[in-house]
Amino acid sequence: MFLKSLHLTFRTYSAMANSGPVESSIRSKLTSLLRPTSLVISNDSWKHRHHAAMRAQNGGSGETHFSVEVVSSEFEGKTTIQRHRMIHTTLSDELTQGLHSLSLKARTPAEVQPTSPEPQ
């Protein structure tokens with residue numbers, strides 16, 4: 001468990017070193033709300049810089065499109081839509097201030113555990 005925690009901590013701090021204010025805010029808010037065992041945030045804005053809406057903003061802020069993969073026990077007993085609503089509600093300020101798109105994978109720890117093969 002210590003190594004898993006250390007890996008998450010290292011990945012979180014190394015990602016924060018290169019992140020902008022929107023990504024930092026997403027990371028901070030989701031960490032506070034969900035206490036995740038895993039949180040991976042990818043800034044995908046560069047893939048969308050040619051879209052009309054982004055061109056109208058002179059390419060946007062560079063922080064308009066993100067993919068988020070989060071594993072948290074806070075999702076237990078909740079449907080996918082309930083999980084996504086939790087995240088969207090938490091990030092409502094970012095969504096009204098230029099965050100254009102979130103691609104979400106929100107799972108419980110049990111949902112990411114590899115299944116063991118059945119005994120024969």
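Computed over heavy atoms, backbone and side chain alike; hydrogens, waters and symmetry mates excluded.
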To the closest 0.5 Å, what do you measure between [atom1] ([X]) and [atom2] ([Y])?
X	Y	atom1	atom2	result
N43	T64	CG	OG1	7.0 Å
Q97	L91	CD	CG	11.5 Å
H88	L95	NE2	CG	5.5 Å

Co-membership, hydrophobic cluster, residues [X] and [Y], 4.5 Å side-chain:
X	Y	answer
V71	F66	no
V22	L30	yes
V112	V40	no

_Is it the case that atom NZ in K105 sees more than 12 heavy atoms from other parts of the structure closer than 6.0 Å?_
no
*Listed by chain and number, what are the salt bridge (Lys or Arg N to Asp or Glu O under 4.0 Å) partners of R85, not counting sequence neighbours?*
none
*Dump the intermediate steps for side chain to side chain contact (heavy atoms under 4.5 Å, CB included) on D93 and K29, then the final yes or no.*
CA-CA 11 Å; D93 289 341; K29 288 182 176 184; 3.9 Å; yes
Does [X] reach the main-chain N or O of [Y] with its side chain, forming a donor-acceptor pair under 3.5 Å?
X	Y	result
T90	M86	yes
S92	T89	yes
T31	R27	yes

Identify the two heavy atoms, one from [X] and one from [Y], that lie closest to each other, and give their separation to 0.1 Å.
X	Y	value
A106	E111	O-OE1, 4.3 Å
F75	I87	CZ-CD1, 4.1 Å
S72	R35	OG-O, 4.4 Å
P109	S73	CD-N, 3.7 Å

*side-chain hydrogen bond (donor to acceptor under 3.5 Å, both in side chains) partners of E69, counting only residues at least two apart*: none
*Please name all residues satisfying side-chain hydrogen bond (donor to acceptor under 3.5 Å, both in side chains) with R107, sequence neighbours left out, ordered by chain then number.*
none
*asked:* Run the side chain to side chain contact (heavy atoms under 4.5 Å, CB included) test on T108 and R83 for me, step by step, so that the C-alpha distance in whole Å, both residues' side-chain angles and the decisive distance to 0.1 Å come before the verdict.
replied: CA-CA 10 Å; T108 67; R83 297 170 187 191; 3.6 Å; yes
*Check the pair I41 / V70 against side chain to side chain contact (heavy atoms under 4.5 Å, CB included), numbers first and verdict last.*
CA-CA 8 Å; I41 301 172; V70 59; over 6 Å; no
*Sub-4.5 Å side-chain heavy-atom contact between E74 and L33*: no
*Worked check of side chain to side chain contact (heavy atoms under 4.5 Å, CB included) between I26 and L99*: CA-CA 10 Å; I26 292 170; L99 177 57; 4.2 Å; yes
